[in-house]
Amino acid sequence: MPVCCLLVSEDDSHKPIQLHHQRSVTLGRGQKKMFFFLAVELRADCSRGFISVKQLGVNPTSVDNVVVGKGNQVIIKPGQRLYMVNQQYPYRVKFTEDTSTARSAADLSKPSKRPHQMSSEGNGEKIKSPANTTSTPHTDHHRISDDSPPPKKTLPSESDKSVNWSKGINYFKNILIAPNFYPQVYKDDQVVVIKDKYPKAQYHWLVLPWDSISSLKALRSEHVELLKHMQRVGDQMLQQCPDAHKLSFRLGYHTIPSMSHVHLHVISQDFDSPCLKNKKHWNSFTTDYFVESRDVIAMLEHDGKVTVKEGTSELLKLPLRCHVCHKEQPTIPKLKEHLKAHLPS
DNA sequence: GTTCTAGAAC
DNA sequence: GTTCTAGAAC
């Protein structure tokens, strides 16, 4: 077969993917089962000049304006545009005899590849953010975007209806497939940073590893470097935060997170947010329910694991106490009124 | 994780 | 009467 089929990334995020005649290639099917939702199966027919596209996972795939849908298969011909992950990654089909610029699709479907790499290569890739497209002077190849404080009210979204926040996989699914509502402010080959959908302070980011770690209990010595990296990335968020000089921040973990995917909270200590509504919210950030990132790392280095004291969940029921002056407050509204006194002028 | 709401607290 | 919380439902 003299003709070669190429899937060309329109945003030039990587070299064209070469597809061989009648040989199925699955993109986005990583080592981790949780990423199966991203998978798309491609099979080129070089003699007839089309690629059949089958959406295996829930990752919204579309050809031009037509959504493929999970389990469905469509044909894409030269001139048509294939989108993966909610119109994020556009591709065009090209049939050519020149294979010099192509990168074998086999490379992309290796099990060790993480799914977000299906669109680009290397560490610290840039992130498209509709909110802000300026680069920061702090990094050469990382783009950190949208450093404005969170809006007082969050926008409703279609995807919210399908969110089950208690399951890490769904949380991840939404981070990846609905980037407009879960803006990725940074990502590299190890982690992704998003703004907390329901920020409990003026600045509240989550640093999530691509590789799923269910809870602090699952952490082992081998995770030390990842956790250190997460903390560095968290610190980097502060470097580009315009209010970092006047606000204080804490970086840490909830000992018993409701979301089953280890994530580092980077949160300013003003706790000035309409999303902070109840005792559980407050105590989860101001009691020992919240453990400092450095303490988790130290524990892991020292003991090879992280132990959570029994009865930690009871801390969430403690009376409301100001984290600055430790004065007890009777209700959330009173606490919020009190906190204003500690805000920087 | 959030939203909703009955009933406790005031 | 209103405000606020806590627990069920999602």
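If you're wondering where the values come from, they're calculated on a predicted model, not measured in any experiment. So you know, we letter chains A, B, ... as the sequences are listed, proteins then strands, and number each from 1.
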Among B/dG1, C/dA6, C/dT5, the one nearest any side-chain atom of A/Tyr198 is B/dG1
Notebook entry, point to check: At under 4.0 Å, does any side-chain N or O of A/Lys280 touch on OP1 or OP2 of B/dT2?
Noted result: no
Practice prompt. Give a yes/no on whether any side-chain N or O of A/Lys200 is located under 4.0 angstrom from OP1 or OP2 of B/dT2.
Written response: yes
Checking C/dC4, B/dT3, B/dG1 against the side chain of A/Pro333 (C-beta onward), the nearest is C/dC4
Taken to the nearest whole Å, NZ/A/Lys336 to C1'/C/dC4 is 13 Å
Atom NZ of A/Lys277 and atom P of B/dT3 are separated, to the nearest Å, by 4 Å
Rounded to the nearest 0.5 angstrom, the OH-NZ distance for A/Tyr198 and A/Lys277 is 8.5 Å
Here the distance between atom P of B/dG1 and atom CG of A/Asn278, to the nearest Å, is 8 Å
When rounded to whole Å, the NE2 to P distance for the pair A/His204 and B/dT2 reads 10 Å
Q: Indicate yes or no: does A/Glu301 engage A/Lys228 in a salt bridge with an N to O separation below 4.0 Å.
A: yes
Is A/Arg220 salt-bridged to A/Glu222, going by a charged N under 4.0 Å from an acidic O? no
The nucleotide from C/dT5, C/dA6, B/dG1 with an atom nearest the side chain of A/His281 is B/dG1
Here the distance between atom P of C/dC4 and atom CH2 of A/Trp282, to the nearest Å, is 17 Å
Using a strict 4.0 Å threshold on nitrogen-to-oxygen distance, state whether A/Asp235 and A/Arg232 make a salt bridge. no
Rounded to whole Å, CZ of A/Phe285 lies from P of B/dG1 at a distance of 8 Å
A/Leu316 atom CG is separated from B/dT2 atom C1', nearest whole Å, by 16 Å
A/Lys279 atom NZ is separated from C/dT3 atom P, nearest whole Å, by 20 Å
